[in-house]
Engineer: 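Dropping a structure here in structure tokens format, bear with me for questions.
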Amino acid sequence: MSTLFRTKSVEQSIRDTEEPEHALKKSLSALDLTVFGVGVIIGTGIFVLTGKVAKETAGPATALAFVVAGIVCALAALCYAEFASTVPVAGSAYTFSYASLGELVAWIIGWDLVLEFALGTAVVAVGWSGYVRSLLDNIGWSMPEVLSGPDVADGFGFDILAFVLVLVLTVILVLGMKLSARVTTVVVAVKLAVVGIVIVAGLFFVKSANYTPFVPDAEPQPSGSGWDAPLVQLVFGYAPTNFGLLGVFTAASIVFFAFIGFDVVATAAEETKVPQRDMPRGILASLLICTVLYVAVSLVVTGMQHYTELSVSAPLADAFKALGHPFYAGVISFGAAVGLTTVCLILLLGQTRVFFAMSRDGLLPRFFSKTHPRFGTPYRPTILLGVIIAVVAGVTSINELATLVNIGTLFAFVVVALGVIVLRRTRPDLPRAFRTPWVPLLPVVSVAASVWLMLNLPAETWLRFGIWMVIGVIIYAVYGRRNSGLAKAAARR
């Protein structure tokens with residue numbers, strides 16, 4: 001049993017990054033990290049989720065729901081910032097848990113992140129494809145159904161646009177982090193410009209009457225049945241409400257998913273020039289920027305149209321159409337398509353770095369831990385995973401699997417928060433450039449908030465997540481436990 005919870009020291013993790021053929025090139029600054037964070041967080045959520053939540057759950061108080069969700073993420077972000085500055089090694093929550101909670105927990109969280117980032121990349125690629133097809137339809141070009149994916153085609157369909165997007169982004173990641181950062185910077189600038197235009201233009205159409213009532217009267221939420229009901233309802237008999245004060249918290253559990261991605265910034269710690277200083281800045285700055293933009297957009301859209309009249313599928317675009325300004329609707333669609341490009345790129349980046357870190361530790365074949373002699377990137381796992389995810393995006397209709405991304409992220413938040421408490425007790429001597437305040441209180445609150453949001457997910461999501469974890473434990477028992485670097489070091493002794 002002791003081997004399952006053996007930890008890899010912070011010093012050993014850092015020494016491993018100095019081996020020439022397993023070392024990643026350091027080229028990122030605090031600005032690059034902030035751009036990565038904004039690039040991966042702002043996606044379809046800001047263009048779509050606001051209307052759905054306002055109309056069905058919180059009304060104009062959706063802005064408050066974004067604030068609550070932002071606070072939950074900020075609690076986790078403070079824990080990530082301490083770890084990323086103390087253990088500046090690729091792998092994010094996987095590496096952090098290896099240094100604090102032990103090998104089995106590290107494997108579980110690494111396996112969890114592989115699922116989160118892989119499915120996230122595929123889901124976003126399919127969403128990007130849908131926006132591009134919509135833009136092409138607007139100019140009179142229509143993609144053949146057979147090349148539009150299974151959601152569109154009658155019978156077999158292959159989403160060629162999603163497939164090609166993932167392959168192109170794979171090539172960019174192989175060619176180097178600095179190139180990835182430059183591409184991301186340009187795309188994020190375009191995306192922020194579009195969001196800014198929408199906010200400024202929408203302010204001219206805001207009517208104060210649309211904010212009344214700001215917090216609508218509470219209504220019972222339609223109860224689910226069986227496995228599609230929230231786990232909190234099945235276990236505790238608690239039925240979430242729509243609207244009212246409790247509705248704001250219910251909405252927060254939904255809009256939280258618009259923040260998913262800031263943790264990906266931590267996977268680039270090893271490729272940051274001064275991680276002790278720049279990692280906390282990049283993580284916290286990107287989260288703050290996105291929270292402000294989300295609140296602003298939600299206030300604008302609920303001010304332009306009464307929440308009961310908002311569109312669920314495309315609230316911002318349809319609000320401008322309803323007011324006789326279709327041009328802005330086109331701008332929003334363009335911004336969404338551009339924005340999803342960076343989301344896909346950075347999720348794929350996070351996926352490959354976690355896989356690379358697990359390979360370097362021997363939990364996965366070390367064949368994948370060698371970096372490119374010229375570009376200094378983990379090209380082998382990048383190519384392998386890029387091709388697999390491209391195929392998955394091309395042939396799979398994701399739908400319910402997208403919720404696995406959400407539960408995987410929240411699970412990672414819980415592990416990182418617990419890891420901060422443990423490492424403070426086991427290694428109080430470690431130099432910490434950034435210290436999470438109010439330990440252990442703040443990490444405990446972070447754990448409680450993340451678990452609460454997890455309990456609001458459908459029971460069937462928990463079931464699928466459990467099956468994936470069982471598969472991971474079996475792989476660890478068969479391969480990882482015997483081949484890890486720590487196991488081999490112990491055998492030599």
Engineer: Please tell me whether Asp112 and Tyr94 have a donor and an acceptor in their side chains that are separated by less than 3.5 angstrom.
Structural biologist: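 The criterion, which ignores hydrogens and geometry beyond distance, is not satisfied for Tyr94 and Asp112.
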
Engineer: Can you tell me how far apart OH (Tyr80) and CG (Leu284) are? Round to the nearest 0.5 Å.
Structural biologist: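 Rounded to the nearest 0.5 Å, the OH-CG separation comes out at 13.0 Å.
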
Engineer: Apply side chain to side chain contact (heavy atoms under 4.5 Å, CB included) to Arg432 and Leu423, showing your working.
Structural biologist: CA-CA 11 Å; Arg432 292 170 167 85; Leu423 203 62; 3.9 Å; yes

Engineer: State whether Asp159 and Arg133 are salt-bridged, where the test is any N-O pair (Lys NZ or Arg NE/NH1/NH2 against Asp/Glu carboxylate O) under 4.0 Å.
Structural biologist: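 Yes, this pair counts.
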
Engineer: Mind listing the closest non-hydrogen atom pair of Cys344 and Ala125 along with its distance?
Structural biologist: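 Smallest interatomic distance, heavy atoms only, reads SG-CB, 4.0 Å.
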
Engineer: Any heavy-atom pair between the side chains of Thr17 and Leu24 that's under 4.5 Å?
Structural biologist: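 Contact flag for Leu24/Thr17 side chains = no.
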
Engineer: Taking all heavy atoms of Ile283 and all of Ala266, pick out the closest pair and write down the distance.
Structural biologist: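 Closest heavy-atom pair between Ile283 and Ala266: CD1-CB, 4.4 Å.
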
Engineer: Are a donor atom and an acceptor atom from the side chains of Ser85 and Gln276 found within less than 3.5 Å of each other?
Structural biologist: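 There is no such pair (donor and acceptor under 3.5 Å, judged by atom type) between the side chains of Ser85 and Gln276.
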
Engineer: If we only count heavy atoms from C-beta on, is the Trp438 to Pro443 side-chain gap below 4.5 Å?
Structural biologist: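 The answer is no, as the side chains (C-beta and beyond) never meet within the 4.5 Å cut-off.
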
Engineer: Is a donor on one side and an acceptor on the other found under 3.5 Å between the side chain of Thr377 and the backbone of Val174?
Structural biologist: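 Yes: the side chain of Thr377 pairs with the backbone of Val174.
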
Engineer: Mark yes or no for whether Ser359, through its side chain, and Ser369, through its backbone, hold a donor-acceptor pair below 3.5 Å.
Structural biologist: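 Confirmed, Ser359 side chain pairs with Ser369 backbone.
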
Engineer: Looking at Ala357 and Thr95, what are the two nearest heavy atoms and their distance?
Structural biologist: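 The answer is CB-OG1, 4.3 Å.
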
Engineer: Please report the interatomic distance CG(Asn483) to CG(Leu364), rounded to the nearest 0.5 Å.
Structural biologist: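 Reported value, rounded in 0.5 Å steps: 10.0 Å.
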
Engineer: Measure the shortest side-chain to side-chain distance between Val105 and Tyr98 over non-hydrogen atoms and say whether it is less than 4.5 angstrom.
Structural biologist: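 Heavy-atom side-chain distance check fails, nothing below 4.5 Å.
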
Engineer: Indicate the atoms forming the closest heavy-atom contact of Val10 with Ala99, along with that distance.
Structural biologist: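 Shortest heavy-atom separation between Val10 and Ala99 comes out as CG2-CB, 4.1 Å.
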
Engineer: Counting N and O atoms only, with roles assigned by atom type, does the side chain of Glu270 sit under 3.5 Å from a partner on the main chain of Ala90, one being a donor and the other an acceptor?
Structural biologist: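 Yes, because the side chain of Glu270 sits within donor-acceptor range (under 3.5 Å) of the backbone of Ala90.
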
Engineer: Evaluate the side chain to side chain contact (heavy atoms under 4.5 Å, CB included) criterion for residues Leu165 and Thr341: first the C-alpha distance (whole Å), next the side-chain angles of each, then the deciding distance (0.1 Å), finally the verdict.
Structural biologist: CA-CA 8 Å; Leu165 173 67; Thr341 306; 4.3 Å; yes

Engineer: How long is the straight-line distance from CD of Glu103 back to OH of Tyr476, given to the nearest 0.5 Å?
Structural biologist: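 With rounding to 0.5 Å, OH (Tyr476) is 3.5 Å from CD (Glu103).
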
Engineer: Of all the heavy-atom pairs spanning Leu113 and Ala412, show the shortest one and how long it is.
Structural biologist: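 Looking at all heavy atoms of both residues, the shortest contact is CD2-CB, 4.1 Å.
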
Engineer: Around Lys26, counting heavy atoms of other residues, nucleotides and ligands shown, do more than 12 lie under 6.0 Å from its NZ?
Structural biologist: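 Yes, enclosed.
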
Engineer: For a side chain to side chain contact (heavy atoms under 4.5 Å, CB included) check, start with the C-alpha distance between Phe334 and Val190, then their side-chain angles and the critical distance, and finish with the verdict.
Structural biologist: CA-CA 10 Å; Phe334 173 76; Val190 173; 3.8 Å; yes

Engineer: To the nearest 0.5 Å, what is the distance between CD1 on Ile42 and OG on Ser286?
Structural biologist: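 It is 9.5 Å, given to the nearest 0.5 Å.
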
Engineer: Do Ser13 and Asp16 have side-chain atoms, one donor and one acceptor, less than 3.5 Å apart?
Structural biologist: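 The answer is no; no qualifying pair exists.
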
Engineer: Check whether any side-chain heavy atom of Met358 sits under 4.5 Å from a side-chain heavy atom of Trp107, and report yes or no.
Structural biologist: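 The answer is yes, as the side chains (C-beta and beyond) meet within the 4.5 Å cut-off.
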
Engineer: How long is the gap from NE2 on His372 to CG on Leu175, to the nearest 0.5 Å?
Structural biologist: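 With rounding to 0.5 Å, NE2 (His372) is 8.5 Å from CG (Leu175).
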
Engineer: Should Glu271 and Arg353 count as an ion pair when the cut-off is N to O under 4.0 Å?
Structural biologist: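 Salt bridge present between Glu271 and Arg353.
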
Engineer: Under a 4.5 Å cut-off applied to non-hydrogen side-chain atoms, are Ile346 and Thr184 in contact?
Structural biologist: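 Counting from C-beta outward, Ile346 and Thr184 do come under 4.5 Å.
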
Engineer: When you check the gap from the basic side-chain N to the acidic O, do Asp278 and Lys273 get nearer than 4.0 Å?
Structural biologist: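 No, Asp278 and Lys273 are not salt-bridged.
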
Engineer: As an exercise, state the distance from CZ of Phe83 to OG of Ser92, rounded to the nearest 0.5 Å.
Structural biologist: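 Result: 10.5 Å between the selected atoms.
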
Engineer: Hey, does Arg281 have a side-chain heavy atom less than 4.5 Å from the side chain of Thr34?
Structural biologist: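 Side-chain contact under 4.5 Å: no.
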
Engineer: Under 3.5 Å, is there a donor-acceptor pair between the side chain of Trp462 and the main chain of Met454?
Structural biologist: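 It does hold such a pair.
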
Engineer: Report yes or no: does Lys25 contribute a side-chain atom to a donor-acceptor pair with the main-chain N or O of Phe375 at less than 3.5 Å?
Structural biologist: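 Side chain of Lys25 to backbone of Phe375: no pair is present.
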
Engineer: Could you report the tightest heavy-atom contact between Ile389 and Ala122, atom names first, then the distance?
Structural biologist: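 Taking Ile389 first and Ala122 second, the nearest heavy atoms are CG2-N, 4.0 Å.
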
Engineer: Within the distance-only criterion (no hydrogens, no angle test), does the side chain of Thr170 pair as donor or acceptor with the backbone N or O of Val166 below 3.5 angstrom?
Structural biologist: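 Checking the backbone N and O of Val166 against the side chain of Thr170, a donor-acceptor pair under 3.5 Å is found.
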
Engineer: So which of Val292, Leu293, Thr291 actually passes side-chain contact (heavy atoms from CB on, under 4.5 Å) with Ile289?
Structural biologist: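 Per the side-chain contact (heavy atoms from CB on, under 4.5 Å) rule, the option paired with Ile289 is Leu293, out of Val292, Leu293, Thr291.
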
Engineer: Measure from the side-chain N and O atoms of Ser446 to the backbone N and O of Leu442, and report whether any donor-acceptor pair falls under 3.5 Å.
Structural biologist: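 Not a single qualifying donor-acceptor pair exists.
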
Engineer: Can any side-chain N or O of Arg380 pair as donor or acceptor with the backbone N or O of Phe367 at less than 3.5 Å?
Structural biologist: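 Yes, because the side chain of Arg380 sits within donor-acceptor range (under 3.5 Å) of the backbone of Phe367.
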
Engineer: Does the side chain of Lys191 pick up a donor-acceptor pair with the side chain of Thr342 at under 3.5 Å?
Structural biologist: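 Side-chain D/A pair, Lys191 to Thr342: present.
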
Engineer: Look at the side chain of Glu82 and the backbone N and O of Arg435, then say whether any donor-acceptor pair between them is shorter than 3.5 Å.
Structural biologist: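 Pair absent, no side-chain N/O of Glu82 close to backbone of Arg435.
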
Engineer: Please tell me if the side chains of Val168 and Val171 come closer than 4.5 Å, counting only heavy atoms from C-beta onward.
Structural biologist: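 No, every pair of side-chain atoms sits at 4.5 Å or beyond.
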
Engineer: Relative to each other, are the rings of Trp468 and Trp111 parallel, tilted or perpendicular (30° and 60° limits)?
Structural biologist: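 It falls in the parallel class, under 30°.
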
Engineer: So do the side chains of Thr436 and Arg424 get within less than 4.5 Å of each other, counting heavy atoms only?
Structural biologist: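 When only atoms from C-beta onward are counted, Arg424 and Thr436 do touch, with a gap below 4.5 Å.
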
Engineer: Can you check side chain to side chain contact (heavy atoms under 4.5 Å, CB included) on Leu147 and Leu161, steps first, answer last?
Structural biologist: CA-CA 8 Å; Leu147 297 178; Leu161 293 177; over 6 Å; no

Engineer: Checking Arg366 side chain against Arg360 main chain: does a donor-acceptor pair fall under 3.5 Å?
Structural biologist: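 Yes, Arg366 side chain to Arg360 backbone: donor-acceptor pair under 3.5 Å.
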
Engineer: Could you work out, with ring-ring contact (aromatic ring centres under 6.0 Å, His included) as the rule, every residue matching Phe368, not counting sequence neighbours?
Structural biologist: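 Expected list: Phe355.
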
